[in-house]
Amino acid sequence: MTSQPLTFSAEDIPTRFDFAKSQSQILDMWQSGGYFHATPDPSRKPYSIVIPPPNVTGALHLGHALNNTLQDVLIRMKRMQGFNALWMPGTDHAGIATQAVVEKRLKENENKTRHDLGREELVKRIWDWKDEYEKRILGQLKQMGCSCDWDRTRFTLDETCGRAVRRTFFDLFNKELIYRGKRLVNWDTFLGTTVSNDEVDSKTVQGNFWHFMYPVIDPKPNEPAHVIVATTRPETMLGDTAVAVHPDPSAALDKVASELRDKLKKSNPNEKEAIQEQIDALAERRKEMLPALELLRDMANDGRKLMLPLMDREIPLVCDQWAKPELGAGCVKITPAHDPNDYEVAQRCGLPMINIMTREGKLNAEVGKYQGLTMKQGRKQVVEDLEALGLLEQVEDREIELPISDRSKTPIEPFLADQWFVAMDQLSQSAMDAVTDGRVKIQPQRYENGYLDWLGEKRDWPVSRQLWWGHRIPVWSHPCFTQQELDATIEKVKSLPEFNEDVCSIQSEPCPEKDEEKRIKLELPLATVHVCVQSDNEALENALTDAGLEQDPDVLDTWFSSALWPHSTLGWPEQTEELKHFYPTSTLITSRDIISLWVARMVLMGLNNCGEIPFDNVYIHPKIQDAFGVTMSKSKGNGIDPLKVIERFGADALRFAMADMCTETQDVRLPVNYECPCLTDKKDKQGNPIPCGNSFPQTKKTQIAPRVTCPQCKQDFATQWAESEEDVALPAGAVLSERFEVSRNFVNKLWNASRFAMLNLEGYTPAPINESDITVEDRWMLSRLATVSASVTDKLERFKYAEATSELYEFAWNHFCSFYVEMLKDRFADESLRPHAQRMMAHTLDCILRLLHPVMPFITEEIWQILAKLCPERGFESVAQQTACIIAADWPQLDQGWQNPEIENQFALYQSTLGALREIRARQNLGNKKKVKFSIKCESDVASLLEPLSSYFGSMANADLVEMGAGVKPPETNATLAKPNMEIYVDLDGLIDVGAEIKRLEKEEVSLTKSISGKERQLGNEKFVANKPELAADIRVSLAQAQEQLAAVSEALKKLRAKQ
RNA sequence: GGGCGUUUAGCUCAGUUGGCUAGAGCACCUCGUUUACACCGAGGGGGUCGGGGGUUCAAGUCCCUCAACGCCCA
């Protein structure tokens, strides 16, 4: 590139960075330049990140903006450091969540259920939804400047990921790590599906508490003839397989009593009475019932059995802590197949589990004459029949918590359903080992606990979901009712021409019901043949169907495909170049709520499939909360669209704010205001109406509302949630936050500092550096640059984002703009100093831009492009042509030899002197125009440090230094400033406001006195002086200085008071 | 119920291994448009570090306890 002479005048360059214009141009430039694309290059060191794929349920919010900013910062820095850097993008199909949103829409807009549409049509609708939101999500990421390799964008349900899923499932099935089993699920009888825990609401309804008597079989003398159990769901008694009593009722009652007493102590006076009543009742109960409870316990231990009425089934009396001796009769009926707590009791006590319900919510063949009744009808019948038998002891009215399906609003029935499971024992262990031996580092480290605890439970992973949206389970099954049929089926499968052991695996699942007679009565198969087929074997799949096998209607848990993300996106199971080069990936950046669900599973699946960990580092970042301390989430609808922020403040400001929020431990709150865009009657100079502009905090209501009324102008405006035509037509309100404003201001500060540089780099040709031209402030800036670049690199590599941004902010604004640029002004004005100053300016700005680029890519690129025209050759020790785009520039690696603590101290001395002068100006209300004279009393070594910078007192404080040295005497009327090692006298002849000066000095006196007494106290402490001699020595020095300062201040005060 | 975390200025947050008068930004007050920037500059006021107890010469920092809030798992 030839350097064309380019001139700027101040009018050409706006004083505000036009981010909207710049962003789109720069995005095009990066995209067309292929800067985001990574091609495996074995000669270069790889650095790779896979994006946590956002769910296609909805648009992204600021939580995602944070997550993705952090990834982009790293990937951009690594790219600049010369790594072969890949950021793999994509989205997640998010099984139930997406299907639920689409079904909800369907219900709202068309009043249809999925059954009205059918599987194929519903899935098609979900794909449409996915297309729309994927586009929107990727657009949001692009607008944020995320430098993902978009050519490689994946979707967890696409063909490549599908192949990985099939291969994994097949492999685990073949190793018998996938098996078929029963599990208690939340069954929605209306929709005929399982719903997850977070889709179950609880509703308090008026219900009954029925007390039944179960006869004891062959009671011994003194033993009761019946035990009494109570239930809110009588129909479930048909599936009872035991009655439980507490193993130690006395201890359990004591525990409850002591908890109540604690509660009483802490309670409010108005609660005390009620609690006391409970305590009394408990004591009474203990007296009356304990012997009976202990007798029951003994009966259980003695193996006593009960006769389950209506079913005439013998069931045991067992001991389990689930029984609550403080409630009812102290006995609890156990229905393992229809109650989660009972299910656990059954597992602990080894009880049989009897399913009494069909998928439609009716009673099944297990319950004889009750078969075919709905659960509700069954309840009525059971109560009637028990009453007829004289076994109904009493009925209480009671409020009960009823689980309701969030989706169908009908009651949830706990239901024992057939599910596929992944056996987790070995897999979990491998993932635990990877973290305990340090191959995978989780940061901050405290998150390791949760990861290890969760995996340590080694609970098998139920992977079936009764949904239509997801990876269909690749298993074809056939129930066989006889041994002959079983053998024949297996034989038939094996003899299919398409059959091949490498792609087809067979399991036979025996019926859990071992009682042959019962099995036949219940029409249960002897065994079910399951055939798992690898991907790309359609002929075999068809042949299996033709042979009478049916594919499992369920789909896989969405986390099954996400667990493969780091290798499936790179093409596994194919051994692609990408996989070889970029796997294991370098860093995973995610939030803590999915450490177990996702991170842990990626580790174990990575190890299982690739034999290697999926990533070296896991960084867990804070979560963004709204003003009310609630985490932003798609489902809660309290998230803020990053595009809204970008629109108003620019992508760089958004990114800087995000990175700046990313501290070590905190979840960060981000309260936001709406800004009213509605036009008012007022007009500006051109006659255009002025918008209202009222800024007011979001409330819980308005944060999720599509339209909001401005409390000031009373007009409505649209929010990001506007959907209806009327809402969208309203003016759109912006979202404001102090954090974005701070960042936007910083962006603008950088813009204007660069604007100043542009105005002064006119006609620049790199001037040779003469050692003698390098001033103290140059050395200071070079020292700062060396220090900051090393420190920022280190901080970013250790994920200390907020520390890095704070340091950059401080450096760019307070050091570069406030001091160095100010000092350069004088030198630009002097023709002889100008060339050197230009070279220093170009170099410094160049380094600052590169350091800021990962966080603020757009503005840094924009300025870089201008610099490229103005001064393409930059550098300090040597000049070199810079890269065309900053995205491809080298990361600053400055010669650390320039770090110079002496120079930094020297500069600090200047800064503190300057600060003192400015303080006097402000206190004395001198304005800017009045020039003052001042002198400094100090030793010659201090004077020689200040000397080279002394001219800047004039330009930066409008103060002339007239004299400096040990013999300096204060002028008659002066303001005295006492600093360590020096006294500054500002000559205020005729200017002084004595009262203000006295006030200032008095304050100074108080603070010095406080400081001195603190130091004296510390030094008077023998143990301290003995333990920390070095620290004590330092304090002694500063004490002496403070005492000198105090003396000077007191002296000055005395003189001033005399004048009053 | 179990675990993890948080509580510092009006607000949002920093504060390394305990150690000099606890910091920043915003907001607030005073002053100021010298041509990079009013999305700016200079200066200022404002905190018994959630409550209580302990360890220590010394505690925002370590320990115990209580409270409130957030998240994960039951």
Side-chain angles (χ1 to χ4, degrees), chain A residues 9-11 13-17 197 266 340 344 444 446-450 453-454 457 591-597 622-623 625 627-631 649 653 657 660-661 663-671 697 737-739 741-760 800 802-803 806 809-810 813-814 817-818 821-822 824-825 914-915 917-929 955-958 1000 1003 1006-1015 1017-1028 1031-1032 1034-1039 1042:
Chain A
S9 67
E11 297 82 57
I13 319 168
T15 58
R16 293 191 185 177
F17 172 50
N197 284 336
K266 289 178 230 155
E344 284 184 17
R446 73 191 126 88
Y447 290 115
E448 279 183 8
N449 297 337
D453 288 351
W454 187 82
E457 290 181 24
S591 75
R592 75 179 105 79
D593 40 351
I594 48 176
I595 294 175
S596 40
L597 290 175
K623 301 210 74 176
Q625 302 176 341
F628 313 101
V630 179
T631 311
F649 297 98
D660 197 43
M661 290 210 288
T663 57
E664 171 87 349
T665 56
Q666 285 279 91
D667 283 344
V668 275
R669 279 195 192 197
L670 190 71
S737 153
E738 175 221 307
R739 286 198 175 259
E741 284 167 21
V742 168
S743 317
R744 187 265 324 266
N745 294 353
F746 181 50
V747 168
N748 207 51
K749 185 73 180 176
L750 185 69
W751 174 253
N752 278 292
S754 308
R755 181 174 183 266
F756 175 75
M758 295 170 208
L759 296 172
N760 284 286
K800 309 282 185 191
E803 287 182 28
S806 305
Y809 183 95
E810 164 89 2
W813 196 311
N814 298 342
C817 293
S818 297
V821 171
E822 286 306 315
L824 284 175
K825 283 179 181 172
L914 182 74
L917 291 167
R918 285 170 165 177
E919 195 192 329
I920 293 295
R921 294 198 72 96
R923 292 279 183 188
Q924 290 291 327
N925 245 323
L926 295 181
N928 290 340
K929 298 249 167 72
S955 55
M956 297 175 80
N958 203 9
R1000 182 184 73 79
K1003 198 182 145 234
V1006 168
S1007 108
L1008 280 166
T1009 309
K1010 197 171 149 198
S1011 158
I1012 286 169
S1013 68
K1015 287 176 211 284
R1017 198 173 337 113
Q1018 232 177 338
L1019 289 171
N1021 187 324
E1022 284 170 29
K1023 280 197 186 173
F1024 169 65
V1025 178
N1027 289 345
K1028 294 274 175 178
L1031 201 52
D1034 288 349
I1035 292 175
R1036 231 169 258 126
V1037 171
S1038 68
L1039 174 63

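In the text below, chain A, chain B and the rest are named by the order of the sequence lines, each starting its count at 1.
Side-chain nitrogen and oxygen atoms of Trp813(A) include at least one within less than 4.0 Å of the OP1 or OP2 phosphate oxygen of rG41(B). Applying the 4.0 Å criterion to OP1 and OP2 of rA36(B), one finds that Lys825(A) has a side-chain N or O inside that range. For Thr663(A) and rA14(B), the shortest distance from a side-chain N or O to OP1 or OP2 is below 4.0 Å. Phosphate proximity of rA58(B) to Lys1028(A): absent, as no side-chain N or O sits under 4.0 Å from OP1 or OP2.
Here the side chains of Gln1018(A) and Leu1039(A) are not in contact, with every heavy-atom distance at 4.5 Å or above.
No engagement by Asp660(A) is indicated, since no non-hydrogen atom pair under 4.0 Å with the nucleic acid exists. Ser737(A) comes within 4.0 angstrom of no nucleic acid atom, judged by non-hydrogen atoms across all strands. Contacts of Lys1015(A) with the nucleic acid, taken as non-hydrogen atoms under 4.0 Å apart, include base atoms. Among the atoms of the strands shown, base atoms are found under 4.0 Å from some heavy atom of Leu1031(A). Across all strands shown, Thr15(A) has heavy atoms under 4.0 Å from sugar-phosphate atoms exclusively, and none from any base. Among the protein residues, Glu448(A) comes within range of no part of the nucleic acid, since none of its heavy atoms lies under 4.0 Å from any strand.
Rounded to whole Å, atom P of rC72(B) lies 16 Å from atom CD of Glu457(A). Atoms CG (Asn752(A)) and P (rA36(B)) sit 10 Å apart, rounded to a whole Å. The interatomic distance linking Phe17(A) (CZ) with rA38(B) (P) rounds to 17 Å, in whole Å. The separation between Arg592(A) atom CZ and rC73(B) atom P is 11 Å, rounded to whole Å. Remark: C1' of rG47(B) and NZ of Lys1010(A) are 11 Å apart, rounded to the nearest angstrom.
A distance of about 14 Å separates the P atoms of rU16(B) and rC63(B), rounded to the whole Å. Comparing the same atom, P, in rG50(B) and in rG41(B) gives a spacing of 32 Å after rounding to whole Å. With both ends at atom P, the span from rC62(B) to rU17(B) equals 8 Å, rounded to whole Å.
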Is there a salt bridge (Lys or Arg N to Asp or Glu O under 4.0 Å) between Asp1034(A) and Lys1028(A) once you walk through the steps? CA-CA 10 Å; Asp1034(A) 288 349; Lys1028(A) 294 274 175 178; over 6 Å; no
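Taking for each of Ile594(A) and Val821(A) the nucleotide of RNA chain B with the nearest heavy atom, the 5'-most of the two is the partner of Val821(A).
For Thr15(A), there are no side chain to side chain donor-acceptor pair (under 3.5 Å) partners, not counting sequence neighbours. Take Glu810(A) and apply the salt bridge (Lys or Arg N to Asp or Glu O under 4.0 Å) test, not counting sequence neighbours, and it matches no residue. With sequence neighbours excluded, the residues that form a ring pair (Phe, Tyr, Trp, His ring centres under 6.0 Å) with Phe746(A) are Phe656(A), Tyr809(A).
For Arg755(A) against rC37(B), a side-chain-to-base donor-acceptor contact under 3.5 Å is absent.
With distances taken from any side-chain atom of Lys749(A) to the nucleotides rC57(B), rC37(B), rU12(B), the minimum falls on rC37(B). The nucleotide whose nearest atom lies closest to any side-chain atom of Ser1007(A) is, among rC39(B), rU21(B), rG70(B), rU21(B). In the set rC20(B), rA36(B), rG70(B), the nucleotide with an atom closest to the side chain of Asp667(A) is rG70(B). Relative to the side chain of Arg446(A), the nucleotides rC57(B), rC4(B), rU21(B) differ in distance, and rC4(B) lies closest.
Between Trp454(A) and Ser596(A), the shortest heavy-atom contact is CD2-CB, 3.3 Å. Nearest approach of Val747(A) to Ala653(A), heavy atoms of both residues: CG2-N, 4.0 Å. In terms of heavy atoms, Ala802(A) sits closest to Thr663(A) at CB-CG2, 3.6 Å.
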Generate the contact string for nucleotides 23-34 of chain B. Rules: B means base contact, S means sugar-phosphate contact only, - means no protein heavy atom under 4.0 Å. --BS----SSSB
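In RNA chain B, the stems built from three or more successive Watson-Crick or G-U pairs (distances below 3.5 Å) are B:1-7 with B:67-73, B:10-13 with B:23-26, B:28-32 with B:40-44, B:50-54 with B:62-66.
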Measure all distances between protein nitrogen or oxygen atoms and nitrogen or oxygen atoms of nucleotides 42-44 of chain B, and list the pairs falling under 3.5 Å.
none

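A cation-pi contact, defined as under 6.0 Å to the ring centre and within 45° of the axis, links Lys825(A) to Phe756(A).
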